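Quick note on labels: first sequence line is chain A, next is B, and so on, each numbered from 1. It should be emphasised that the depicted structure is a prediction, and the values quoted were computed from it without experimental measurement. No hydrogens, no waters, no symmetry mates; every other heavy atom, side chains included, goes into these values.
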Amino acid sequence: MTRVIECRLVTELVASLCIEANIILPADIADVISSAEYREVSPEGKAVLADLKLNMAVARKERIPICQDTGMAVVFVKIGQEVQISGGALTDAITAGVSKGYTEGYMRASIVEDPLLRNNTGDNTPPVIHIEIVPGNTFRITVAPKGFGSENMSALKMLKPSEGVEGVIDFVVDAVITAGANPCPPIILGIGIGGTMEKAALIAKQALLREAGTHNKLKHIAELEDIILDKVNRSGIGPGGLGGRVTALAVNIDVYPTHIAGLPVAVNISCHATRHATGSL
Amino acid sequence: MSIRIKLPLDRSKISGLRAGERVLLSGHLYTARDAAHMKLKEMLDNGHKLPVDLNNETIYYAGPCPAAPGRVIGSAGPTTSGRMDSYTPALLEHGLIGMIGKGDRDDKVVEAIKAKGAVYFGATGGAGALLSGRIASSEIAAFPELGTEAIRRIEVVDFPVIVLIDPSGTDIYRTNVIKYRNIREEAD
């Protein structure tokens, strides 16, 4: 049945999701950080994990952002084909929500208008918006603020099919070792394999939204997640890059059909603050 | 155990520091990150006087969140230092003696740290809420037009850091990560 959704409600929802995502980490992420503290053997690494746990508690209690890099707001929208948006343009409503959330939430304005001229827009807009049209009349938004300490360390490569699974593993592990301390380990890896260049990058980012500690439902991909997690945690990088065994908290892989000539692989590196908040109208 | 050091630094306070030691810093320092470094370098290249005297000063690579009502500053953790590498040797040449950030530095920076007897500290990346509690005051010192990237003079109290690169050029990232590489294979 057709449903009408007012733009101002979209703006309000996005604003509140921006604030919640930046202040409170999802429970699954908090859980894997806690269990990592027991696994870590390096004293420097343990100290970093203890700081991160304390930091989460302070952010929650004082209602301030977990990290000063409150990110570029990445907004995923699932909109049913029976939904009609009234009172303005959907993307404008989302952008207004980001502006409102970041301003009223005392969060950092980190966006420059032109990547080369570099003038700050002052309200963290615009966001990056991905809209997916689905059957029915649902309307669901996820705001995933992405910090750039880790985004800068992300990588994409078009492998040859002959490089196969070994090629994928080597590429991802190399990216993590090159990243070292920069993405604030312990990290979470979102990996996209297949599709085209941009599809691999997009599914890598979406993979970061999956609950930490769960596996891809394809058996060979679930195994690959374990293999990569193990290899990455043998890198020695450890929490804060100060040495240790917990370099990554989770490896989330998503796959998509691809061309006979290609094997695209994207690895989106995220820090422990793999933030996201979801709401519906 | 942490060593307590009062800011501003001088060579006698830091010459004995070794990579991996924990330090609590108290006193004033300056925040500066990408855009402020670009401006400082431009001023040096054009022979202009810098807006802050960097002699024996410490720069914290940070761009804080705005302060909510009743707070001194918003979340204020370290940003990735490597982006400042191309500007750092020139600033060390102009008196800078301490840096706080996260992540490794290039060979030119390590050499300049050694040559000047300077120090590079690390604060816990991602712990901006926690670290903001160790900041007692904050005021804009230069480039207010840069927003979060303005240079701020901040007072810190027992600000927790670890020595990442000591004045002899020893780098904990290069020494410690090796210790834990392939740890599981060795343990098994």
Side-chain angles (χ1 to χ4, degrees), chain A residues 22-23 41-42 44-45 47-48 50-52 54-70 103 105-110 112 118 120 122 147-149 152-153 177 179-185 230 233-245 247 271-273, chain B residues 19-20 22 31 33-35 38 62-71 73-83 101-105 122-133 145-149 160 162 164 172-187:
Chain A
N22 272 296
I23 292 176
V41 291
S42 113
E44 292 87 355
V48 168
D51 275 354
L52 296 181
L54 197 52
N55 185 67
M56 279 191 283
V58 170
R60 181 186 286 263
K61 180 165 169 277
E62 301 188 19
R63 299 277 307 163
I64 59 174
I66 297 155
C67 177
Q68 74 290 338
D69 186 354
T70 45
T103 307
Y106 297 93
M107 299 190 299
R108 196 175 81 179
S110 308
V112 291
R118 306 199 74 80
N120 198 303
F148 261 54
N152 279 339
M153 297 294 119
I177 289 176
N182 291 352
C184 294
D230 180 59
N233 283 339
R234 288 185 194 201
S235 68
I237 293 168
L242 296 173
R245 101 182 347 187
T247 300
C271 60
H272 86 284
Chain B
R22 293 187 179 280
T31 65
R33 52 170 292 155
D34 308 63
M38 213 180 284
C65 284
R71 295 190 66 88
I73 199 164
S75 281
T79 194
T80 306
S81 311
R83 293 195 313 275
K102 65 163 169 105
D104 60 1
R105 312 304 301 266
T124 301
L130 186 62
L131 290 167
S132 72
E145 70 280 9
L146 296 182
T148 184
E149 296 201 77
I162 184 166
L164 295 175
I172 190 179
Y173 289 133
R174 299 183 194 195
T175 56
N176 233 30
V177 166
I178 300 301
K179 287 202 282 190
Y180 296 97
R181 190 148 284 176
N182 287 326
I183 183 168
R184 286 187 186 175
E185 286 171 331
E186 285 162 22

Using heavy-atom distances under 4.5 Å, tell me whether [X] contacts chain B through its side chain, its backbone, both, or neither.
| X | result |
| --- | --- |
| A:Ile23 | neither |
| A:Ala273 | neither |
| A:Asp51 | both |
| A:Thr70 | side chain |
| A:Ile66 | both |

Just so I understand: if I count every heavy-atom pair under 4.5 Å between each of [options] and chain B, which residue has the most?
| options | value |
| --- | --- |
| A:Cys184, A:Ala181, A:Ser235 | A:Ser235 |
| A:Gly241, A:Pro239, A:Gly236 | A:Gly236 |
| A:Asn120, A:Asn152, A:Leu54 | A:Leu54 |
| A:Val58, A:Ile64, A:Val112 | A:Ile64 |

When only pairs under 4.5 Å are counted, which of [options] shares the most heavy-atom pairs with chain A?
| options | value |
| --- | --- |
| B:Ala67, B:Ala35, B:Ser132 | B:Ala67 |
| B:Gly103, B:Ala68, B:Gly133 | B:Ala68 |
| B:Gly74, B:Gly63, B:Gly125, B:Ala62 | B:Gly63 |
| B:Pro160, B:Gly128, B:Gly77, B:Ala129 | B:Ala129 |

* Using distance alone, with no hydrogens and no angle criterion, decide if B:Lys102 and B:Thr79 have a side-chain donor and acceptor under 3.5 Å apart. => no

* What distance do A:Met56 atom CE and A:Lys61 atom NZ have between them, rounded to the nearest 0.5 Å? -> 16.0 Å

* Going from CD on A:Gln68 to CE on A:Met107, what distance comes out if it is rounded to the nearest 0.5 angstrom? -> 13.5 Å

Looking at every non-hydrogen atom in both residues, tell me the closest pair between [X] and [Y] and how far apart they are.
| X | Y | answer |
| --- | --- | --- |
| B:Thr148 | A:Ala109 | CG2-O, 3.9 Å |
| B:Gly126 | A:Asn55 | O-ND2, 2.9 Å |
| B:Ala19 | B:Ile172 | CB-N, 4.1 Å |

* Asked: Among all residues two or more places apart in sequence or in another chain, which pass the salt bridge (charged side-chain N to carboxylate O under 4.0 Å, His left out) test with B:Asp34?
  -> B:Arg83

Using non-hydrogen atoms only, which part of [X] is less than 4.5 Å away from chain A: side chain, backbone, both, or neither?
| X | value |
| --- | --- |
| B:Pro78 | backbone |
| B:Ala127 | both |
| B:Ser75 | both |
| B:Leu146 | neither |
| B:Arg174 | neither |

State, with a plain yes or no, whether a side-chain heavy atom of [X] is found less than 4.5 Å away from one of [Y].
| X | Y | result |
| --- | --- | --- |
| B:Tyr173 | B:Leu164 | yes |
| A:Tyr106 | A:Pro65 | no |
| B:Asp104 | A:Asn182 | yes |

* Asked: Does the B:Asn176 side chain pair with the main chain of A:Leu242, one donor and one acceptor, at a distance under 3.5 Å?
  -> yes

